[in-house]
Amino acid sequence: MSQAQCSECRQHLSEKEMISRLDEILAGYKNTEGAVIPVLQTAQNMFGYLSRPVLKKISQKLNKPFSEVSGIVSFYSFFCTVPRGKYLIRVCLGTACYVRGGKGILEALKRELGIDVGQTTKDRLFSLDIGRCFGACGMAPVIMVNDTVHQRCKAVKIDEILNNYKNK
């Protein structure tokens, strides 16, 4: 049976245990107006992404059409329907970062990781995404790896940044 890290409860749980925990959470939200987004956030924190079976369970237990639940997931960019890597790399492509080389950094990351935006490396170590502004324009160009900001990035330094995470 597969084990996964439940970031919400900070312990290793089997898939079956996480589904059971999700059932408990859903029972607590059953008659709560506006529960879909908080439940989706909780489920994504638990599983790392929102699989079709999890979305179906949420729609059934909250008595919402599947199309409504999946529509919310596809509308908000912070929801993910595919497994993400241990490290989520987001490249800022806001105006300041773009002008100062953000697109070149994105291309270097794509080459180095062998993936495109929205994809995850085969070893599930890295996922790649873009953002529009991280509020660090004075330090442009910027990338974030999970919650760590890397400022004044250069395409030639991408390998060095990635190695810091590969060796953790």
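Bear in mind that the values here come from a model prediction, so they are computed numbers and not experimental data. We're numbering straight along the sequence, starting at 1.
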Distance (rounded to the nearest 0.5 Å) between Glu17 CD and Met46 CE
10.0 Å
Within one Ile-Leu-Val-Met-Phe-Trp-Tyr cluster: Val149 and Ile130, side-chain cutoff 4.5 Å
no
For the pair Ser127 (side chain) and Arg84 (backbone), establish whether a donor and an acceptor sit closer than 3.5 Å, ignoring hydrogens and angles.
no
May I ask you to check whether Tyr165 and His150 place their ring centres under 6.0 Å from each other?
yes
For a quick test of reading the model, state the closest non-hydrogen atom pair linking Ala140 to Cys97 and the distance between them.
CB-SG, 3.6 Å
Closest approach of Asp123 to Leu125 (non-hydrogen atoms, all atoms of both residues):
OD1-N, 3.0 Å
Taking the side chain as every heavy atom from C-beta outward, state whether Phe79 and Ile37 have any pair of such atoms under 4.5 Å apart.
yes
Mind checking whether Lys61 and Tyr29 have side chains closer than 4.5 Å, heavy atoms only?
no
Are Val91 and Tyr87 co-members of a hydrophobic cluster defined by side-chain heavy atoms under 4.5 Å apart?
yes
Between Thr81 and Leu50 (side chain of the first, backbone of the second, donor and acceptor by atom type, cut-off under 3.5 Å), is there such a pair?
no
Evaluate the side-chain proximity of Leu109 to Leu162: yes if any heavy-atom separation is below 4.5 Å, no if none is.
yes
Given the rule that I, L, V, M, F, W and Y join up when any side-chain heavy atoms are under 4.5 Å apart, are Val36 and Leu26 in one cluster?
yes
Are any non-hydrogen side-chain atoms of Ile19 and Phe47 less than 4.5 angstrom apart?
yes
If you measure from SG on Cys153 to CD1 on Ile105, what distance do you get to the nearest 0.5 Å?
5.0 Å
So, do Leu113 and Gln119 sit near enough that their side-chain heavy atoms are less than 4.5 Å apart?
no
To the nearest 0.5 Å, tell me how far Lys154 NZ sits from Arg100 CZ.
10.5 Å
Same cluster for Tyr49 and Phe126 if Ile/Leu/Val/Met/Phe/Trp/Tyr side chains link at under 4.5 Å?
no
Please name the residue in the list Leu88, Ile89, Thr120 that meets the side chain to side chain contact (heavy atoms under 4.5 Å, CB included) test with Leu128.
Ile89
Checking Ile58 against Lys64 for the side-chain contact (heavy atoms from CB on, under 4.5 Å) test, could you report, in this order, the C-alpha distance in whole Å, the side-chain angles of both residues, the deciding distance, and whether it holds?
CA-CA 8 Å; Ile58 290 170; Lys64 299 286 183 187; over 6 Å; no
Grab the two heavy atoms, one from Leu93 and one from Gly102, that are nearest each other, plus how far apart they are.
CD2-C, 3.6 Å
Should side-chain heavy atoms under 4.5 Å link Ile, Leu, Val, Met, Phe, Trp and Tyr, which residues sit in the same cluster as Val99?
none
With a sphere of 6.0 Å drawn around NZ of Lys103, does it hold more than 12 non-hydrogen atoms of other residues, nucleotides or ligands?
no
Point-to-point distance, once rounded to the nearest 0.5 Å, from CZ of Arg52 to OG of Ser59
9.5 Å
With a sphere of 6.0 Å drawn around NZ of Lys166, does it hold more than 12 non-hydrogen atoms of other residues, nucleotides or ligands?
yes
In this structure, NZ of Lys57 is separated from OG of Ser51 (nearest 0.5 Å) by 10.5 Å
For the student: nearest non-hydrogen atoms of Cys80 and Val82, plus distance:
SG-O, 2.9 Å
Does the distance from a Lys or Arg side-chain N to an Asp or Glu carboxylate O, for Lys110 and Asp116, drop under 4.0 Å?
yes
Hydrophobic clustering (ILVMFWY, side-chain heavy atoms < 4.5 Å, transitive) - are Phe75 and Val39 grouped together?
yes
Whether the Asn146 and Thr148 side chains hold a donor-acceptor pair (N or O, under 3.5 Å, no angle test) is what I'd like checked.
no
Using the test side-chain contact (heavy atoms from CB on, under 4.5 Å), find all partners of Asn63 that sit at least two apart in sequence or belong to another chain.
none
Within the 4.5 Å heavy-atom criterion, are Leu106 and Ile143 side-chain neighbours or not?
no
Quick check: do Val69 and Leu62 have side-chain heavy atoms less than 4.5 Å from each other?
no
Closest heavy-atom pair and its distance - Gly138, Arg152:
O-NH2, 3.3 Å
Any Phe66 side-chain heavy atom under 4.5 Å of Gln60 side chain:
no
Centroid separation Tyr76 to Phe78 less than 6.0 Å:
yes
State, to 0.1 Å, how close Ile158 and Ala108 come at their nearest heavy-atom pair, and which atoms those are.
CG1-CB, 3.9 Å
